[in-house]
Asks: 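If you scroll down you'll find the structure; I have some questions about it.
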Amino acid sequence: MSTIISAADITVRYNERAILDAATLAIDEGQRIGLVGRNGCGKTTFLKILAGLQTPDGGEVSRRRDLAVSYLSQDFTLDPALDVRGNVRAGGKLVLDLIAQFESLPMDAKNYEDIEHRIQALDGWTLDQRIETAMNHLNCPPGERGIATLSGGEKRRVALARTIVSRPDFLILDEPTNHLDPESIEWVADYLESFGGTFLCVTHDRYFLDRVVNRIVELCDGKFWSHAGNYTAYLLDKAERQEADAVVEHKRQMFLKKELAWVRQGPRAQRSKQKDRFERYYDEAAKSGLVVEEDMELCIPPPPQLGNRTVEVSDLGIELGGKKLFSNFNFTFENGQRIGVCGRNGLGKTTLLKMMIGQLAPTEGIVKVGPLTKFNYVDQGRLQLNENNTVLDECSSGTEFVIWGDTKISVRSYLKRFLFADDRILTQVRKLSGGERSRLLLACILKCGGNFLILDEPTNDLDLPTLRVLEEALIAFPGVVCVVSHDRYFLNRVCTDILAFEGEGKISHSVGDYDYYLDKKKRAAAPPRAEFKAPAPKNNSTKSGKPRKLSFKETHELAGMEAHIHAVEAEICRIENLFALPDFHRTHAGQSNQLMAELESEKANLTKLFARWEELEAIGAEIDK
């Protein structure tokens, strides 16, 4: 494979901090790379350098000649003078310029064929078709809409469509799945899987990374670490690397401890061997030790006790702008539940949350809130930060302590749990990275406590280490959690139940994680299983060419196969009914993971039984001919 772009010894400093420290990376043709690392480590800066929008303080970027690059940035801008379709079409500027140049040339022009081949390589003749396809699948607003009328999420979908329509040689995507619904994320994943060029993406969506990339590059302490494979392979590889580094560091510390004891004794004479030993000691002591990555300790204050009733909605429905979003929705939230709310954008997920906390009045039905229920609502917009305040001032709001159950902790100690070092605690908000701002916002909101957490798209803009800590904190939270998210990995890890907005006013409840909901939905949509009819066997003959007979053991196995299948189906039904019990989370909360594992095991067993039944029936059918 040939290298299409390389960065050698790239250095970028912000004040005294080097976020890229002589970092080197080569990207080969056809590679599908996921760039990971903590927010603020320099990922976005590096993407801008590769896209040619920022010049590093040191180092050099080399690009293949005529390399076509398309870049989706987090702080994208759209042309307000153009409508939605005009902005998306602007993404194909390279192709449109080539076509215009091609059409203006006489057929005997010297570069006529070269330009034609270039247009064909970029699939330029199908540009208009690709524009419509991208706009439809990304759920973009109507093409004639003005940019000024769009929401932030709508603008991002338009910007993503604009980025991918040109089919460049090298695609750079910074958080492409933010503000996309599950169907749009699936389409982007399908697009990247079939993409013929090279791409580099930064995303917090681990399911997306597992599916589309074949190389993970981690940016840590200003350096790049490359791992072959997807995100899961990277985690295993990194764990092995950290274990090996820990062994090396342990040996170094043992050497220093032994040599330090010798140095303290004082040398008897300055012989050459003793000088060498001194030099070895000081060389090792001067080396930097193993850098241990800090994990954020997400600090959710202990919630007050919940009553028997938390939140109960009855025959709930709402109509906004002449459009009925949903109706006749009934649900009771119970202590211990972690509800994942999912579905396409615009179906009413955020509206439901606002009705629960009283910000919106329902058109029909009622919401009953328990007397001891205390909401803590983290909306998509979260809070507006004062750019001129320091981190400490913004979080403290004039107080020195955060109430922590029956006690209190200092604001400084609280912020350190969100990975703000002493120097960053006194930094102005306007100088924070995107990830630091997200952590500060979470710190400001979560200090308010509450026993019913409502989080609307909490995973947007959080880095992967912070996401993992958020997941652990929510799993351990002893109240109720209701979270809107399109992050499939997050929903699978955190949620005990799914509320799925399926369109046409329908909200479906499923006990279990998101994958289990999808599996049930797929099975429900599948046509009924036809009466079993064994297909003709592929080859069940003996060496003599005669069909072989079922052995005594196989005959006995076949006779009991139907009863065995019924027993397994009954066990699957029993476990699913357990999940559907109204008091499941009070009586079986500690068994949730075990029951899910048993359910998956029984379903896999059922699949094997049907395959074996088919095999035995096929052999018997051959004998009966």
Asks: So, do V12 and I49 sit near enough that their side-chain heavy atoms are less than 4.5 Å apart?
Replies: yes
Asks: Do NZ/NE/NH1/NH2 and the carboxylate oxygens of R32 and E193 come within less than 4.0 Å?
Replies: no
Asks: Do D57 and T11 pair up side chain to side chain, a donor and an acceptor below 3.5 Å, judged on atom types alone?
Replies: no
Asks: Answer yes if the side chains of N328 and D315 hold a donor-acceptor pair under 3.5 Å, and no otherwise.
Replies: no
Asks: Side-chain contact, heavy-atom cut-off 4.5 Å: L171 with Y191?
Replies: yes
Asks: Determine whether more than 12 heavy atoms belonging to other residues, nucleotides or ligands lie under 6.0 Å from atom CD of E504.
Replies: no
Asks: Does any part of the side chain of K368, heavy atoms only, come nearer than 4.5 Å to the side chain of V311, both counted from C-beta?
Replies: no
Asks: Tell me if the CD atom of E113 is crowded by more than 12 foreign heavy atoms within 6.0 Å.
Replies: no
Asks: Could you report the tightest heavy-atom contact between Y112 and P106, atom names first, then the distance?
Replies: CD1-O, 3.3 Å
Asks: Hey, are R130 and D123 close enough for a salt bridge, meaning a charged N less than 4.0 Å from a carboxylate O?
Replies: yes
Asks: Indicate the atoms forming the closest heavy-atom contact of A68 with L94, along with that distance.
Replies: CB-CD2, 3.6 Å
Asks: Using the six-membered ring of Y207, assess whether NZ or CZ of R488 lies under 6.0 Å from its centre and within 45 degrees of the ring axis.
Replies: yes
Asks: Hey, are R206 and E471 close enough for a salt bridge, meaning a charged N less than 4.0 Å from a carboxylate O?
Replies: yes
Asks: Going by distance alone, is a donor N or O of one side chain under 3.5 Å from an acceptor N or O of the other, for D456 and T350?
Replies: yes
Asks: Under 4.0 Å between a Lys/Arg side-chain N and an Asp/Glu carboxylate O for K93 and D97?
Replies: yes
Asks: Inspect the surroundings of NZ in K520 and state if more than 12 heavy atoms from other residues, nucleotides or ligands are less than 6.0 Å away.
Replies: yes
Asks: Between E319 and K324 (salt bridge meaning N to carboxylate O under 4.0 Å), is one present in this structure?
Replies: no
Asks: Taking all non-hydrogen atoms of both residues into account, name the closest pair between L98 and I115 and its distance.
Replies: O-CG2, 3.6 Å
Asks: Distance only, no hydrogens: is a donor on one side chain within 3.5 Å (strictly under) of an acceptor on the other, for E457 and H486?
Replies: yes
